[in-house]
Visitor: 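Got a structure here, written out as structure tokens. Questions coming.
Values below: every heavy atom of this structure, side chains too, minus hydrogens, waters and symmetry copies. Order of appearance sets the numbers: ligands from 1, and atoms from 1 within every ligand.
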Amino acid sequence: MKHMGIYIAAVATLVPLALFLRTFSASPLPEPKPYTGPVPSATPPQGIGVFALVTGVNHRVAAYGYRGGSLFERRDFSIAGTLVKHPQGDVLIDTGFGRDFPEQFQTMPLMLRAVTFYSLWQPAADQLKAAGYDQKSLRAILPTHAHWDHVSGLPDFPGVPVWVTSQEREFIRRGGNWQFGKPFTGVRYEEYGFEGGQYLGFTSSHDIYGDGSIVVVPAPGHTPGSVIVFVTLHDNTRYAFVGDLVWQLEGVTEREERPWITRRSDSDAEGTRENLLHMISIKERMPELVIVPAHDMRAFAKMPTLSQATIHTGETT
Ligand SMILES: [Zn+2]
Ligand SMILES: [Zn+2]
């Protein structure tokens with residue numbers, strides 16, 4: 001009888017554990033339908049550029065980022081923003097960590113804090129200041145979505161409009177998941193819509209300056225108002241800032257979703273998968289497209305930084 005009890009306890013422990021570990025194993029998504037539509041034209045002005053602002057890291061393992069990743073391979077996930085310089089006004093995609101992050105961290109749910117091992121390097125506002133950047137050049141902040149690690153720095157940019165979709169504005173208002181416990185005060189949200197037509201197979205789009213250089217498309221799933229931002233430079237280099245659609249590049253290159261435990265908090269996991277499959281088909285059509293997942297350090301390491309720009313051009317803005 002005693003042995004039976006031990007046996008049942010062992011099964012009751014090991015079976016769920018095995019099932020849980022299985023959710024980290026490789027499981028590539030089926031090949032998506034190829035994207036055969038046009039590559040949109042763009043006439044980006046001279047002087048447009050993207051600059052990495054990595055504000056710190058979250059110490060994780062590869063398995064946390066994509067199915068099939070090793071549980072033993074340490075990876076630092078970037079917490080970052082990207083400055084897009086444009087002659088008509090610069091746009092900051094995500095902020096990464098802000099100056100107040102240590103206090104903000106205390107307002108996060110215990111469960112989230114328990115799995116967050118971060119190193120705070122330098123907030124975006126301080127990096128810009130150190131590079132001699134004039135905040136007046138900043139037209140707006142454009143978060144890919146409103147989770148804590150993308151908007152922590154909003155209070156560091158008082159008066160700068162924060163562009164959000166109505167769905168994401170509502171998500172913020174309702175205090176949706178993975179936001180700080182204490183809402184920001186004094187942040188100036190401005191809603192935008194998708195008045196433009198199809199873009200790379202996405203149903204609608206928002207072309208910020210009308211020149212095709214910064215185009216936002218709706219990609220709901222991770223949060224209700226998540227977006228992807230496509231940036232095209234003057235030399236025709238194209239970027240896709242995909243936010244948390246995937247956390248690591250393998251999400252696209254190996255067609256691997258984030259592991260189950262992290263997808264559970266997506267507002268619409270099915271929507272995330274659909275948008276991921278579509279991004280994969282776009283990448284196959286346009287292999288030169290540079291995909292930037294918000295938390296993949298390798299993508300940011302390839303992008304210039306403002307200090308490099310200072311060295312190369314002798315300019316600081
Ligand atoms: Zn997120
Ligand atoms: Zn994130």
Visitor: Could you tell me if His206 and Glu195 have a donor-acceptor pair between their side chains, going purely by distance under 3.5 Å?
Guide: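 His206 and Glu195 do have a side-chain donor-acceptor pair below 3.5 Å.
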
Visitor: Just checking, any donor-acceptor pair under 3.5 angstrom between side chains of Glu191 and Ser166?
Guide: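 Per modelled atom types, Glu191 and Ser166 side chains form no pair under 3.5 Å.
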
Visitor: Using salt bridge (Lys or Arg N to Asp or Glu O under 4.0 Å) as the criterion, list what pairs up with Asp266, not counting sequence neighbours.
Guide: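 Here the qualifying residues are Arg258.
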
Visitor: Going by the side-chain hydrogen bond (donor to acceptor under 3.5 Å, both in side chains) test, which pairs reach into residues 278-288, not counting sequence neighbours?
Guide: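 side-chain hydrogen bond (donor to acceptor under 3.5 Å, both in side chains) check on residues 278-288 returns no pairs.
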
Visitor: May I ask you to check whether Thr43 and Asp211 show a side-chain donor-acceptor distance below 3.5 Å?
Guide: no

Visitor: List for me each residue that meets ring pair (Phe, Tyr, Trp, His ring centres under 6.0 Å) alongside Trp178, sequence neighbours excluded, and say none if there are none.
Guide: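 Here the qualifying residues are His147.
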
Visitor: Sorted by chain and residue number, which protein N/O/S atoms are under 2.8 Å from the Zn ion (ligand 1)?
Guide: His145 NE2, His147 ND1, His222 NE2, Asp244 OD2

